[in-house]
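Everything below concerns the one structure shown next.
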Amino acid sequence: MKYWLLKTEPESFSIQDLQKAPNQTTYWDGVRNYQARNFLRDEIKPGDRVLFYHSNADPPAIVGTAKVVKGGYPDHTAWDKKNHHYDPASTKESPRWYMVDIQLDQIFDSPLSLDDLKKVKSLAKMELLRKGSRLSVQPVTAEEFEVVLEQAGAK
DNA sequence: GCCAACGTTGGC
DNA sequence: GCCAACGTTGGC
């Protein structure tokens, strides 16, 4: 089992939106970055655990957890001309972009803000905390995942 | 709204 | 293959 952090802007899709979704499950579409695509296509598997992060939020924070219920498969929104993430270079014969399905696990009683995370020494190496980090799909170590859960529970 | 950091594009 | 220009991300 692996651990991941997924970023989303709550204005476009929040963890509350996930909570309201059928089966509290959604497909994680719209990733248009090759490094993140490779994780989605090749490495993220059902059963993997996910930290759910709200970027461009006030405050930016890890707001809960989810689990992967379906591994990488072609992102069909790339084929939809009306979709904001439409990409004519992606075809059904040769898909360029991929997505996974996730299901809500838990919403933290109180979110772990970016400021909170920066104060935790054992999280100092998290990709999220790296200056200039923009990757929207990030691997997280098992230890980091556990520490985040502990911190969220302790709040 | 600003802007630093980063990824992508395209001319050469 | 280099790199300037451009677009995007995301904290502040």
Side-chain angles (χ1 to χ4, degrees), chain A residues 2-21 26-44 48-66 68 71-102 104-141 143-145 147-152 154-155:
Chain A
K2 290 183 180 170
Y3 300 85
W4 306 94
L5 181 143
L6 298 181
K7 282 185 196 172
T8 178
E9 301 194 15
E11 266 191 36
S12 56
F13 189 85
S14 70
I15 200 164
Q16 286 75 25
D17 293 329
L18 178 58
Q19 187 177 35
K20 288 179 221 148
T26 190
Y27 52 78
W28 200 258
D29 67 312
V31 171
R32 298 291 181 268
N33 166 281
Y34 289 104
Q35 198 179 350
R37 186 279 309 271
N38 292 345
F39 287 136
L40 291 173
R41 186 187 59 190
D42 306 330
E43 302 213 33
I44 302 187
D48 286 1
R49 306 287 305 274
V50 168
L51 296 174
F52 201 105
Y53 180 77
H54 280 174
S55 62
N56 269 318
D58 187 22
I62 298 176
V63 292
T65 61
V68 177
Y73 62 104
D75 181 343
H76 57 75
T77 67
W79 303 328
D80 177 3
K81 282 187 180 149
K82 283 172 287 190
N83 193 284
H84 183 245
H85 298 291
Y86 172 65
D87 180 2
S90 184
T91 65
K92 293 191 182 182
E93 294 72 30
S94 177
R96 174 171 295 193
W97 305 113
Y98 283 75
M99 58 189 183
V100 299
D101 288 358
I102 63 166
L104 180 65
D105 186 12
Q106 64 166 321
I107 297 180
F108 294 158
D109 289 335
S110 88
L112 257 187
S113 73
L114 193 57
D115 273 349
D116 293 334
L117 295 167
K118 285 176 180 167
K119 289 174 191 155
V120 183
K121 286 202 179 90
S122 48
L123 297 178
K125 290 187 177 168
M126 267 187 98
E127 166 69 16
L128 182 71
L129 302 183
R130 233 193 69 239
K131 185 176 166 69
S133 169
R134 290 170 33 176
L135 197 55
S136 64
V137 176
Q138 309 179 358
V140 170
T141 68
E143 292 74 19
E144 287 163 349
F145 190 89
V147 170
V148 166
L149 288 192
E150 280 169 26
Q151 293 289 320
K155 282 200 73 176

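These numbers come from a predicted model, not from an experiment. Within every chain, numbering begins at 1; the chains are lettered A, B, ... in the order of the sequence lines, protein sequences first and strands thereafter.
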For this session: Would you please confirm or rule out a distance under 4.0 Å between OP1 or OP2 of dG11(C) and any side-chain N or O of Y53(A)?
Result: yes

Exercise. Where does the angle between the aromatic ring planes of F13(A) and W28(A) fall among parallel (under 30°), tilted (30 to 60°) and perpendicular (over 60°)?
Worked result: perpendicular

Seminar exercise, completed: E9(A) atom CD is separated from dC12(C) atom C1', nearest whole Å, by 15 Å

For this session: Could you tell me which non-hydrogen atom of S12(A) sits nearest to which non-hydrogen atom of D17(A), and how far apart they are?
Result: O-OD2, 4.2 Å

Problem set entry | Exam field: side chain R49(A) to backbone T65(A), donor-acceptor pair closer than 3.5 Å | no

Exercise. Which heavy atom in L40(A) sits nearest to a heavy atom in Y98(A), and how many Å separate them?
Worked result: CD1-O, 3.2 Å

For this session: Mind listing the residues from residues 120-132 of chain A sitting with a heavy atom below 4.0 Å of DNA chain B? Number order is fine.
Result: R130(A), K131(A), G132(A)

Seminar exercise, completed: In terms of heavy-atom contacts, L135(A) and A36(A) come closest through CD1-N, 3.9 Å

Strictly under 3.5 Å: I want the nitrogen or oxygen pairs between protein and nucleotides 3-7 of chain C, one per line.
none

For this session: Please state how far atom CG in N56(A) lies from atom C1' in dC2(B), giving the value in whole angstrom units.
Result: 13 Å

Seminar exercise, completed: note: R96(A), atom CZ; dT8(B), atom C1'; distance rounded to Å ~ 11 Å

Problem set entry | OP1 or OP2 of dC12(C) under 4.0 Å from side-chain N/O of K118(A) | yes

Exercise. Is a salt bridge present between D75(A) and R37(A), judged by a nitrogen-to-oxygen distance below 4.0 Å?
Worked result: no

Problem set entry | Candidates R32(A), H85(A), H84(A) - the one meeting side chain to side chain donor-acceptor pair (under 3.5 Å) with T77(A) | R32(A)

Exercise. With no hydrogens and no angle check, is any side-chain donor or acceptor of Q19(A) less than 3.5 Å from a backbone partner on L104(A)?
Worked result: no

Problem set entry | L135(A) CG - dT9(C) C1' separation (whole Å) | 12 Å

Problem set entry | Distance in angstrom units between E11(A) CD and dT9(C) C1', rounded | 15 Å

